[in-house]
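Below: one structure, written as C-alpha coordinates.
Every heavy atom of this structure was used, including side-chain atoms; hydrogens, water molecules and symmetry mates were not. From a predicted model like this one, the values you see are computed outputs, not experimental measurements.
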Amino acid sequence: MSDTAAPPKGMAMINAFDPNAVSGLNEREREMVARRRRLLGPAYRLFYEHPVHLVRGEGAWLFDAEGNRFLDCYNNVASMGHAHPRVVEAIAKQSARINTHTRYLHDTVLDYAEALLATFPASLGHAMFTCTGSEANDLALRIARAHTGGEGIVVTSLSYHGVTSALAELSPSLGEGVPLGRHVETVAPPDAYRGGADMPARFAADITAAFARLRRHGIRPCALLVDTMFTSDGVFADPPGFLAQAAEAARAAGALFIADEVQPGFGRTGAMWGFQRHGVEPDMVTMGKPMGNGHPVAGLVIKPELLERFGGQARYFNTFGGNPVSAAAGLAVLQVLAEEGLAENAAKVGAHLRAGLNTLAARHEAIGDVRGAGLSVGLELVTDRATKEPATALTGRVVNALREKRVLISASGPAANILKIRPPLCLSAEQADMFIEALDQVLAG
(Lines give C-alpha, C1' and ligand atoms only; values in the text may rest on other atoms or scores of the structure.)
Protein backbone atom coordinates (compact mmCIF):
# COMPACT_ATOMS: atom_id res chain seq x y z
CA MET A 1 0.00 0.00 0.00
CA SER A 2 2.37 2.75 -1.11
CA ASP A 3 1.58 4.35 -4.44
CA THR A 4 0.82 7.90 -5.50
CA ALA A 5 -1.90 9.65 -7.43
CA ALA A 6 -2.53 13.22 -8.49
CA PRO A 7 -4.16 15.44 -5.85
CA PRO A 8 -7.70 16.66 -6.38
CA LYS A 9 -8.18 19.22 -9.15
CA GLY A 10 -10.89 21.58 -10.25
CA MET A 11 -14.19 20.97 -8.51
CA ALA A 12 -13.00 17.79 -6.76
CA MET A 13 -12.87 17.47 -2.97
CA ILE A 14 -10.56 15.40 -0.83
CA ASN A 15 -12.30 12.22 0.36
CA ALA A 16 -15.39 12.86 -1.77
CA PHE A 17 -18.03 10.27 -2.61
CA ASP A 18 -18.49 9.63 -6.33
CA PRO A 19 -22.27 9.87 -6.93
CA ASN A 20 -21.87 7.69 -10.01
CA ALA A 21 -20.43 4.82 -7.94
CA VAL A 22 -23.50 3.60 -6.11
CA SER A 23 -23.15 -0.14 -6.75
CA GLY A 24 -21.82 -0.80 -3.23
CA LEU A 25 -24.70 0.95 -1.49
CA ASN A 26 -27.85 -0.67 -0.18
CA GLU A 27 -31.24 0.27 -1.58
CA ARG A 28 -31.99 2.83 1.16
CA GLU A 29 -28.61 4.54 0.65
CA ARG A 30 -29.05 4.65 -3.12
CA GLU A 31 -32.47 6.23 -2.66
CA MET A 32 -31.06 8.86 -0.29
CA VAL A 33 -28.17 9.72 -2.63
CA ALA A 34 -30.60 10.12 -5.55
CA ARG A 35 -33.04 12.16 -3.47
CA ARG A 36 -30.24 14.37 -2.15
CA ARG A 37 -29.03 15.13 -5.68
CA ARG A 38 -32.57 15.80 -6.88
CA LEU A 39 -33.41 18.17 -4.02
CA LEU A 40 -30.06 19.79 -3.18
CA GLY A 41 -28.48 19.87 -6.63
CA PRO A 42 -24.97 18.96 -7.83
CA ALA A 43 -22.78 21.33 -5.77
CA TYR A 44 -22.99 19.44 -2.46
CA ARG A 45 -20.52 16.66 -1.64
CA LEU A 46 -20.59 13.58 0.61
CA PHE A 47 -17.61 11.98 2.35
CA TYR A 48 -16.26 8.44 1.77
CA GLU A 49 -16.61 5.84 -0.96
CA HIS A 50 -19.44 4.48 1.19
CA PRO A 51 -21.27 7.49 2.72
CA VAL A 52 -22.29 7.36 6.36
CA HIS A 53 -25.93 7.86 7.35
CA LEU A 54 -25.68 9.31 10.86
CA VAL A 55 -28.68 9.85 13.11
CA ARG A 56 -27.31 10.44 16.62
CA GLY A 57 -24.21 11.50 18.53
CA GLU A 58 -22.95 11.28 22.10
CA GLY A 59 -19.54 12.44 23.27
CA ALA A 60 -16.96 11.24 20.74
CA TRP A 61 -19.35 8.65 19.30
CA LEU A 62 -21.66 8.87 16.31
CA PHE A 63 -24.37 6.33 15.46
CA ASP A 64 -25.79 5.39 12.08
CA ALA A 65 -29.34 4.43 11.15
CA GLU A 66 -28.66 0.75 11.93
CA GLY A 67 -27.30 1.58 15.38
CA ASN A 68 -23.63 1.02 14.49
CA ARG A 69 -21.21 3.07 16.58
CA PHE A 70 -18.48 5.18 14.93
CA LEU A 71 -15.53 6.82 16.67
CA ASP A 72 -15.48 10.44 15.54
CA CYS A 73 -11.90 11.56 14.94
CA TYR A 74 -12.80 14.31 12.51
CA ASN A 75 -15.56 16.70 13.55
CA ASN A 76 -14.34 19.94 15.12
CA VAL A 77 -17.80 21.48 15.42
CA ALA A 78 -19.27 19.57 18.35
CA SER A 79 -15.94 19.95 20.16
CA MET A 80 -17.43 19.66 23.63
CA GLY A 81 -18.90 16.31 22.57
CA HIS A 82 -21.91 15.54 20.42
CA ALA A 83 -25.24 16.62 21.95
CA HIS A 84 -23.59 17.86 25.13
CA PRO A 85 -26.44 18.04 27.69
CA ARG A 86 -25.35 21.42 29.15
CA VAL A 87 -25.41 23.10 25.75
CA VAL A 88 -28.67 21.40 24.75
CA GLU A 89 -30.28 22.56 28.00
CA ALA A 90 -29.08 26.14 27.56
CA ILE A 91 -30.48 26.31 24.02
CA ALA A 92 -33.82 24.79 25.03
CA LYS A 93 -34.30 27.05 28.07
CA GLN A 94 -33.52 30.26 26.20
CA SER A 95 -35.65 29.20 23.21
CA ALA A 96 -38.59 28.81 25.59
CA ARG A 97 -38.17 32.39 26.84
CA ILE A 98 -37.30 34.69 23.94
CA ASN A 99 -35.13 34.83 20.86
CA THR A 100 -34.70 38.10 19.02
CA HIS A 101 -32.02 40.40 17.61
CA THR A 102 -29.45 42.67 19.29
CA ARG A 103 -31.33 45.94 18.80
CA TYR A 104 -33.07 45.33 22.10
CA LEU A 105 -31.30 45.26 25.43
CA HIS A 106 -30.61 41.73 26.64
CA ASP A 107 -28.26 40.47 29.37
CA THR A 108 -27.23 37.18 27.78
CA VAL A 109 -25.24 38.61 24.88
CA LEU A 110 -23.48 40.95 27.32
CA ASP A 111 -22.71 38.14 29.75
CA TYR A 112 -21.38 36.10 26.84
CA ALA A 113 -19.26 38.92 25.41
CA GLU A 114 -17.79 39.58 28.84
CA ALA A 115 -16.92 35.91 29.40
CA LEU A 116 -15.51 35.50 25.89
CA LEU A 117 -13.34 38.62 26.03
CA ALA A 118 -11.93 37.43 29.35
CA THR A 119 -10.21 34.56 27.47
CA PHE A 120 -8.25 37.01 25.27
CA PRO A 121 -5.45 39.51 25.84
CA ALA A 122 -6.78 42.77 27.28
CA SER A 123 -5.93 44.60 24.04
CA LEU A 124 -8.78 42.77 22.29
CA GLY A 125 -11.60 44.70 23.88
CA HIS A 126 -14.64 44.45 21.60
CA ALA A 127 -16.67 41.43 20.48
CA MET A 128 -18.99 41.26 17.46
CA PHE A 129 -21.22 38.32 16.62
CA THR A 130 -22.25 36.52 13.43
CA CYS A 131 -23.76 33.13 12.62
CA THR A 132 -20.88 31.49 10.69
CA GLY A 133 -17.13 31.67 10.45
CA SER A 134 -17.50 32.85 6.87
CA GLU A 135 -19.50 35.85 8.08
CA ALA A 136 -16.95 36.51 10.82
CA ASN A 137 -14.06 36.57 8.34
CA ASP A 138 -16.11 38.71 5.96
CA LEU A 139 -16.78 41.25 8.72
CA ALA A 140 -13.13 41.22 9.78
CA LEU A 141 -12.05 42.07 6.24
CA ARG A 142 -14.58 44.90 6.00
CA ILE A 143 -13.18 46.39 9.20
CA ALA A 144 -9.58 45.85 8.09
CA ARG A 145 -10.25 47.65 4.79
CA ALA A 146 -11.84 50.57 6.59
CA HIS A 147 -8.87 50.88 8.94
CA THR A 148 -6.01 50.40 6.46
CA GLY A 149 -7.56 51.83 3.32
CA GLY A 150 -6.12 48.79 1.56
CA GLU A 151 -7.47 45.75 -0.25
CA GLY A 152 -4.51 43.35 -0.47
CA ILE A 153 -4.83 40.06 1.41
CA VAL A 154 -2.19 37.37 1.93
CA VAL A 155 -3.26 33.79 2.71
CA THR A 156 -1.55 30.40 2.59
CA SER A 157 -1.72 28.36 -0.58
CA LEU A 158 -4.31 25.75 0.47
CA SER A 159 -6.15 27.70 3.13
CA TYR A 160 -9.88 27.77 3.75
CA HIS A 161 -11.55 30.86 5.20
CA GLY A 162 -15.18 30.70 4.11
CA VAL A 163 -17.83 30.37 1.44
CA THR A 164 -19.13 33.91 0.86
CA SER A 165 -18.07 35.54 -2.41
CA ALA A 166 -15.46 37.62 -0.58
CA LEU A 167 -14.04 34.65 1.33
CA ALA A 168 -14.22 32.07 -1.44
CA GLU A 169 -11.85 34.15 -3.53
CA LEU A 170 -9.23 33.90 -0.80
CA SER A 171 -9.82 30.22 0.01
CA PRO A 172 -7.55 28.26 -2.39
CA SER A 173 -8.66 24.93 -0.92
CA LEU A 174 -12.02 25.30 -2.68
CA GLY A 175 -10.23 24.30 -5.87
CA GLU A 176 -9.42 25.62 -9.29
CA GLY A 177 -13.09 26.12 -10.10
CA VAL A 178 -13.19 29.00 -7.58
CA PRO A 179 -10.76 31.70 -8.83
CA LEU A 180 -8.75 33.74 -6.36
CA GLY A 181 -9.31 37.49 -6.27
CA ARG A 182 -6.87 39.84 -7.99
CA HIS A 183 -6.21 41.43 -4.60
CA VAL A 184 -5.10 38.07 -3.12
CA GLU A 185 -1.57 36.69 -2.89
CA THR A 186 -0.73 33.23 -1.58
CA VAL A 187 2.35 31.98 0.24
CA ALA A 188 3.53 28.43 0.89
CA PRO A 189 2.40 27.10 4.28
CA PRO A 190 4.87 26.92 7.18
CA ASP A 191 5.88 23.31 6.57
CA ALA A 192 8.70 22.46 8.98
CA TYR A 193 8.70 18.80 7.85
CA ARG A 194 9.77 19.77 4.35
CA GLY A 195 11.16 23.21 5.05
CA GLY A 196 13.70 22.60 7.78
CA ALA A 197 14.99 24.86 10.53
CA ASP A 198 14.89 28.05 8.47
CA MET A 199 11.14 27.72 7.84
CA PRO A 200 10.07 30.56 10.21
CA ALA A 201 12.35 33.11 8.55
CA ARG A 202 11.39 31.93 5.08
CA PHE A 203 7.67 32.08 5.91
CA ALA A 204 8.04 35.66 7.11
CA ALA A 205 10.11 36.56 4.04
CA ASP A 206 7.45 35.05 1.77
CA ILE A 207 4.82 37.23 3.42
CA THR A 208 6.96 40.33 2.95
CA ALA A 209 7.45 39.46 -0.73
CA ALA A 210 3.72 38.79 -1.22
CA PHE A 211 2.74 42.21 0.10
CA ALA A 212 5.47 43.77 -2.07
CA ARG A 213 3.96 42.09 -5.14
CA LEU A 214 0.56 43.52 -4.25
CA ARG A 215 2.01 47.02 -3.89
CA ARG A 216 3.82 46.67 -7.22
CA HIS A 217 0.41 46.11 -8.83
CA GLY A 218 -1.07 49.16 -7.12
CA ILE A 219 -2.86 47.20 -4.38
CA ARG A 220 -2.37 48.57 -0.88
CA PRO A 221 -1.87 45.92 1.87
CA CYS A 222 -4.80 45.18 4.11
CA ALA A 223 -4.35 41.94 6.07
CA LEU A 224 -2.55 38.68 6.62
CA LEU A 225 -5.28 36.11 7.33
CA VAL A 226 -4.18 32.69 8.59
CA ASP A 227 -5.68 29.69 10.34
CA THR A 228 -3.30 29.46 13.29
CA MET A 229 -2.95 25.68 12.88
CA PHE A 230 -2.97 25.78 9.05
CA THR A 231 -5.53 22.99 9.18
CA SER A 232 -6.44 22.81 5.50
CA ASP A 233 -2.82 23.27 4.42
CA GLY A 234 -1.81 20.11 6.30
CA VAL A 235 -1.68 21.00 10.06
CA PHE A 236 1.49 22.94 10.89
CA ALA A 237 2.03 23.79 14.54
CA ASP A 238 5.75 24.03 15.14
CA PRO A 239 8.05 25.50 16.13
CA PRO A 240 6.07 27.54 18.65
CA GLY A 241 6.62 31.24 18.04
CA PHE A 242 6.99 31.29 14.26
CA LEU A 243 3.72 33.16 13.78
CA ALA A 244 5.16 36.15 15.65
CA GLN A 245 7.65 36.67 12.83
CA ALA A 246 4.86 36.36 10.27
CA ALA A 247 2.70 38.94 12.07
CA GLU A 248 5.67 41.30 12.29
CA ALA A 249 6.24 40.99 8.54
CA ALA A 250 2.58 41.79 7.85
CA ARG A 251 2.55 44.83 10.11
CA ALA A 252 5.79 46.11 8.60
CA ALA A 253 4.01 46.06 5.25
CA GLY A 254 1.14 48.12 6.67
CA ALA A 255 -1.28 45.21 7.04
CA LEU A 256 -3.20 43.83 10.00
CA PHE A 257 -2.73 40.33 11.38
CA ILE A 258 -6.04 38.43 11.58
CA ALA A 259 -5.94 35.08 13.38
CA ASP A 260 -8.57 32.73 11.99
CA GLU A 261 -9.39 30.57 15.01
CA VAL A 262 -12.51 29.01 13.49
CA GLN A 263 -10.84 25.58 13.46
CA PRO A 264 -8.03 25.83 16.09
CA GLY A 265 -9.91 27.81 18.74
CA PHE A 266 -11.76 26.91 21.93
CA GLY A 267 -9.16 24.60 23.46
CA ARG A 268 -8.34 22.37 20.51
CA THR A 269 -4.57 22.98 20.66
CA GLY A 270 -4.40 22.48 24.42
CA ALA A 271 -4.52 26.24 24.86
CA MET A 272 -7.68 28.29 24.49
CA TRP A 273 -6.47 29.88 21.24
CA GLY A 274 -3.98 28.68 18.64
CA PHE A 275 -2.15 32.01 18.50
CA GLN A 276 -1.22 31.70 22.18
CA ARG A 277 1.43 29.10 21.29
CA HIS A 278 3.28 31.77 19.34
CA GLY A 279 3.49 34.62 21.85
CA VAL A 280 1.72 37.02 19.51
CA GLU A 281 -1.34 39.24 19.90
CA PRO A 282 -3.47 39.45 16.75
CA ASP A 283 -5.22 42.63 15.67
CA MET A 284 -8.39 40.62 15.22
CA VAL A 285 -9.45 37.04 15.97
CA THR A 286 -12.27 35.32 14.09
CA MET A 287 -14.20 32.38 15.53
CA GLY A 288 -16.91 29.89 14.57
CA LYS A 289 -17.51 26.10 14.33
CA PRO A 290 -17.11 24.91 17.99
CA MET A 291 -18.32 28.25 19.39
CA GLY A 292 -21.85 26.86 19.92
CA ASN A 293 -21.00 23.14 19.85
CA GLY A 294 -23.16 22.67 16.77
CA HIS A 295 -25.44 25.67 17.16
CA PRO A 296 -24.51 28.31 14.53
CA VAL A 297 -22.58 30.88 16.55
CA ALA A 298 -19.57 32.82 15.29
CA GLY A 299 -17.91 36.19 15.69
CA LEU A 300 -14.75 38.17 16.15
CA VAL A 301 -12.85 40.07 18.79
CA ILE A 302 -10.88 43.17 17.91
CA LYS A 303 -8.68 45.95 19.25
CA PRO A 304 -11.07 48.86 19.92
CA GLU A 305 -8.96 51.43 18.07
CA LEU A 306 -9.28 49.40 14.86
CA LEU A 307 -13.06 49.56 14.98
CA GLU A 308 -13.31 53.35 15.32
CA ARG A 309 -13.40 54.27 11.63
CA PHE A 310 -15.66 51.39 10.62
CA GLY A 311 -18.06 51.96 13.52
CA GLY A 312 -18.20 55.69 12.85
CA GLN A 313 -19.06 55.23 9.19
CA ALA A 314 -21.26 52.13 9.14
CA ARG A 315 -23.64 50.47 11.56
CA TYR A 316 -23.34 46.71 12.01
CA PHE A 317 -26.39 44.51 12.28
CA ASN A 318 -26.90 40.78 11.85
CA THR A 319 -30.43 39.49 12.36
CA PHE A 320 -29.35 36.29 14.10
CA GLY A 321 -25.79 37.15 15.15
CA GLY A 322 -25.65 37.45 18.94
CA ASN A 323 -29.30 36.47 19.47
CA PRO A 324 -30.19 35.28 22.99
CA VAL A 325 -30.29 31.57 22.08
CA SER A 326 -26.92 31.73 20.32
CA ALA A 327 -25.43 33.68 23.22
CA ALA A 328 -26.78 31.11 25.68
CA ALA A 329 -25.22 28.30 23.64
CA GLY A 330 -21.88 30.11 23.48
CA LEU A 331 -21.89 30.82 27.20
CA ALA A 332 -22.63 27.16 27.94
CA VAL A 333 -19.68 26.13 25.76
CA LEU A 334 -17.32 28.37 27.75
CA GLN A 335 -18.66 26.94 31.01
CA VAL A 336 -18.24 23.34 29.80
CA LEU A 337 -14.71 24.05 28.59
CA ALA A 338 -13.71 25.40 31.99
CA GLU A 339 -15.60 23.01 34.24
CA GLU A 340 -14.67 19.83 32.37
CA GLY A 341 -11.07 20.89 31.69
CA LEU A 342 -11.39 20.12 27.99
CA ALA A 343 -8.39 22.17 26.86
CA GLU A 344 -6.29 20.32 29.41
CA ASN A 345 -7.76 17.02 28.21
CA ALA A 346 -6.90 17.97 24.63
CA ALA A 347 -3.29 18.60 25.66
CA LYS A 348 -3.03 15.33 27.62
CA VAL A 349 -4.85 13.01 25.23
CA GLY A 350 -3.31 14.75 22.22
CA ALA A 351 0.18 14.03 23.56
CA HIS A 352 -0.85 10.41 24.17
CA LEU A 353 -2.23 10.16 20.65
CA ARG A 354 0.88 11.60 19.00
CA ALA A 355 3.11 9.30 21.06
CA GLY A 356 1.07 6.32 19.86
CA LEU A 357 1.27 7.48 16.25
CA ASN A 358 5.04 7.88 16.56
CA THR A 359 5.19 4.29 17.82
CA LEU A 360 3.29 3.23 14.69
CA ALA A 361 5.84 5.14 12.60
CA ALA A 362 8.51 2.70 13.81
CA ARG A 363 6.51 -0.13 12.21
CA HIS A 364 5.10 1.54 9.10
CA GLU A 365 7.45 3.20 6.64
CA ALA A 366 4.51 5.04 5.08
CA ILE A 367 4.29 7.36 8.09
CA GLY A 368 6.57 10.26 7.24
CA ASP A 369 5.64 12.77 9.91
CA VAL A 370 3.45 13.12 13.01
CA ARG A 371 2.73 16.69 14.06
CA GLY A 372 0.24 18.95 15.76
CA ALA A 373 -0.79 20.37 19.11
CA GLY A 374 -3.49 19.15 21.43
CA LEU A 375 -6.20 17.36 19.47
CA SER A 376 -5.28 18.99 16.17
CA VAL A 377 -3.01 16.37 14.62
CA GLY A 378 -1.62 15.81 11.15
CA LEU A 379 -0.12 12.49 10.05
CA GLU A 380 1.68 12.66 6.70
CA LEU A 381 1.87 9.52 4.58
CA VAL A 382 4.70 9.15 2.07
CA THR A 383 5.92 6.55 -0.41
CA ASP A 384 9.56 7.18 0.51
CA ARG A 385 10.86 8.75 3.70
CA ALA A 386 14.01 10.00 1.98
CA THR A 387 12.25 11.82 -0.85
CA LYS A 388 9.04 12.52 1.14
CA GLU A 389 7.00 11.69 -1.95
CA PRO A 390 3.31 12.04 -1.01
CA ALA A 391 1.34 8.79 -0.75
CA THR A 392 -1.90 10.25 -2.09
CA ALA A 393 -3.63 7.06 -3.22
CA LEU A 394 -2.64 5.25 -0.03
CA THR A 395 -4.11 8.04 2.07
CA GLY A 396 -7.43 7.74 0.27
CA ARG A 397 -7.49 4.01 0.91
CA VAL A 398 -6.59 4.51 4.57
CA VAL A 399 -9.40 7.03 5.10
CA ASN A 400 -11.97 4.71 3.56
CA ALA A 401 -10.62 1.58 5.27
CA LEU A 402 -10.89 3.35 8.63
CA ARG A 403 -14.47 4.26 7.80
CA GLU A 404 -15.18 0.55 7.29
CA LYS A 405 -13.71 -0.04 10.75
CA ARG A 406 -16.12 2.63 12.01
CA VAL A 407 -13.51 5.29 12.61
CA LEU A 408 -14.19 8.61 10.90
CA ILE A 409 -11.25 10.64 9.60
CA SER A 410 -10.36 12.73 6.55
CA ALA A 411 -7.33 14.17 4.78
CA SER A 412 -5.80 17.51 3.82
CA GLY A 413 -2.76 19.06 2.18
CA PRO A 414 -1.91 19.92 -1.44
CA ALA A 415 -1.33 16.24 -2.29
CA ALA A 416 -4.22 14.98 -0.10
CA ASN A 417 -1.77 12.77 1.80
CA ILE A 418 -2.11 14.11 5.34
CA LEU A 419 -4.57 12.51 7.74
CA LYS A 420 -6.47 15.31 9.48
CA ILE A 421 -7.20 14.16 13.03
CA ARG A 422 -9.41 16.49 15.09
CA PRO A 423 -11.82 14.59 17.37
CA PRO A 424 -14.10 16.14 19.99
CA LEU A 425 -12.09 17.46 22.93
CA CYS A 426 -13.68 14.93 25.26
CA LEU A 427 -11.79 12.09 23.51
CA SER A 428 -10.35 9.66 26.07
CA ALA A 429 -6.97 7.95 26.00
CA GLU A 430 -8.79 4.66 25.49
CA GLN A 431 -10.59 6.04 22.44
CA ALA A 432 -7.29 7.41 21.11
CA ASP A 433 -5.87 3.88 21.47
CA MET A 434 -8.81 2.51 19.48
CA PHE A 435 -7.95 4.87 16.65
CA ILE A 436 -4.26 3.93 16.80
CA GLU A 437 -5.09 0.22 16.74
CA ALA A 438 -7.44 0.64 13.77
CA LEU A 439 -4.85 2.66 11.85
CA ASP A 440 -2.18 0.05 12.64
CA GLN A 441 -4.38 -2.68 11.17
CA VAL A 442 -5.19 -0.67 8.05
CA LEU A 443 -1.55 0.23 7.36
CA ALA A 444 -0.56 -3.41 7.86
CA GLY A 445 -2.92 -4.21 4.99
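Counted within 6.0 Å of CD on E58, heavy atoms from surrounding residues, nucleotides or ligands total 12 or fewer; the atom is thus considered open. For CD of Q276, the number of neighbouring non-hydrogen atoms (other residues, nucleotides, ligands) closer than 6.0 Å is greater than 12. No more than 12 heavy-atom neighbours from other residues, nucleotides or ligands sit within 6.0 angstrom of CD on E248.
A salt bridge links K93 to E89: at least one charged side-chain nitrogen sits closer than 4.0 Å to a carboxylate oxygen. Salt bridge status for R86 with E340: absent, with no side-chain N to carboxylate O gap under 4.0 Å.
Checking I258, I153, L167 one by one against H161, the side chain to side chain contact (heavy atoms under 4.5 Å, CB included) holds for a single residue, L167.
The CZ atom of F203 lies 6.5 Å from the CG atom of L243; values are rounded to the nearest 0.5 Å.
Every residue two or more places apart in sequence or in another chain that forms a side-chain contact (heavy atoms from CB on, under 4.5 Å) with A244 is listed here: V280. With sequence neighbours left out, F129 forms a ring-ring contact (aromatic ring centres under 6.0 Å, His included) with Y112. Annotation: salt bridge (charged side-chain N to carboxylate O under 4.0 Å, His left out) contacts of R37 (sequence neighbours excluded): none. The ring-ring contact (aromatic ring centres under 6.0 Å, His included) search around H147 returns none, not counting sequence neighbours. Residues passing the salt bridge (charged side-chain N to carboxylate O under 4.0 Å, His left out) test with D369, sequence neighbours excluded: R371. Partners of H352 according to the side-chain contact (heavy atoms from CB on, under 4.5 Å) rule, which considers only residues two or more places apart in sequence or in another chain, are A429, A432, D433. For E66, the salt bridge (charged side-chain N to carboxylate O under 4.0 Å, His left out) criterion is met by no residue, not counting sequence neighbours.
Applying the salt bridge (charged side-chain N to carboxylate O under 4.0 Å, His left out) definition to pairs two or more places apart or across chains, those involving residues 127-152 are R145-E151. The list of salt bridge (charged side-chain N to carboxylate O under 4.0 Å, His left out) pairs with a residue in residues 268-289, not counting sequence neighbours, reads D238-R277, R251-D283, D283-K303. Within the structure, ring-ring contact (aromatic ring centres under 6.0 Å, His included) contacts touching residues 48-75 (residues at least two apart or in different chains) are F47-Y74. Judged as a salt bridge (charged side-chain N to carboxylate O under 4.0 Å, His left out), not a single pair has a partner in residues 97-123 (not counting sequence neighbours).
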For residues 182-189, tabulate all N or O donor-acceptor pairs below 3.5 Å that involve a side-chain atom, not counting sequence neighbours.
from : atom 1 : to   : atom 2 : distance (Å)
E185 : OE1    : R213 : NE     : 2.9
E185 : OE1    : R213 : NH2    : 3.0

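Aromatic ring orientation, F275 versus F120: parallel (interplanar angle below 30°, classes split at 30° and 60°).
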